[in-house]
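Report on one structure; see the data block that follows.
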Amino acid sequence: KNEVEQSPQNLTAQEGEFITINCSYSVGISALHWLQQHPGGGIVSLFMLSSGKKKHGRLIATINIQEKHSSLHITASHPRDSAVYICAVLGGAQKLVFGQGTRLTINP
Amino acid sequence: NAGVTQTPKFRILKIGQSMTLQCTQDMNHNYMYWYRQDPGMGLKLIYYSVGAGITDKGEVPNGYNVSRSTTEDFPLRLELAAPSQTSVYFCASRRAGLAGKETQYFGPGTRLLVL
């Protein structure tokens, strides 16, 4: 079993829908990252959180440390949100362990 | 700042050939990382460095070597290319400090095909 599991693996939705991507992890962590990888391949960091909730524009990330679970939400989704979203946790030895990614497609 | 740059963008190698993937960052970051990304799999750490002259193995180091002679550069060497090394390689860097508080910055990736 992977240390970081994301669900769903693939998600297709219509423009304007509310999107939720989930991340569960099995190790103790000090922080969790959400990353976005566009079709061109570049990876950018969206959020880094160790507790509670963060919001940036239409994106919201939450984490529940006790339940070892995080969610990434996108409100009023748009085709430009189409990308692979990656969850990564910072565990021991200060190294990131990555989920396999969720491929999101937003249709106009 | 250019951020993290990688060269080449794409390369085809024959089995047994060697090559160096270049990675440079201009943010004066202490920490640098090499990852590989295989289709449908999460990024796997190959090697990392916490500063010039210091490197350590990650999860999948076999078949690779690294060096860190300067803060800016962190090249990844493949000595005897094998088809299993076909992948997309990403270099990343971050500042020193509390790892949970620091963003990792990724390069654009190098796509490698070994035939």
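Order of the sequence lines fixes the chain letters, A, B, ..., with proteins taken first and strands second; residue numbering starts at 1 for each chain. The shown structure was predicted, so the numbers you read here are calculated from the model rather than taken from an experiment.
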[X] versus chain A, heavy atoms under 4.5 Å apart: side chain, backbone, both or neither?
| X | result |
| --- | --- |
| B:Y31 | neither |
| B:Q37 | side chain |
| B:Y105 | neither |
| B:L43 | both |

Next item on the list: Please assess A:H69 against A:N22 for the test side-chain contact (heavy atoms from CB on, under 4.5 Å), listing each intermediate value before the final yes or no.
Entry: CA-CA 7 Å; A:H69 181 268; A:N22 296 299; 3.4 Å; yes
Would you please say whether a donor-acceptor pair under 3.5 Å links the side chains of [X] and [Y]?
| X | Y | result |
| --- | --- | --- |
| A:W34 | A:S70 | yes |
| B:Y89 | B:R111 | no |
| B:S18 | B:R77 | yes |

Check: Between A:L35 and chain B, which part of the residue has a heavy atom less than 4.5 Å away: side chain, backbone, both or neither?
Finding: side chain
Next item on the list: Pick one of side chain, backbone, both or neither for A:I43, based on which atoms fall under 4.5 Å of a heavy atom in chain B.
Entry: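 Interface part for A:I43: both.
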Next item on the list: Indicate yes or no: does A:D81 engage A:R58 in a salt bridge with an N to O separation below 4.0 Å.
Entry: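 So A:D81 pairs with A:R58 through a salt bridge.
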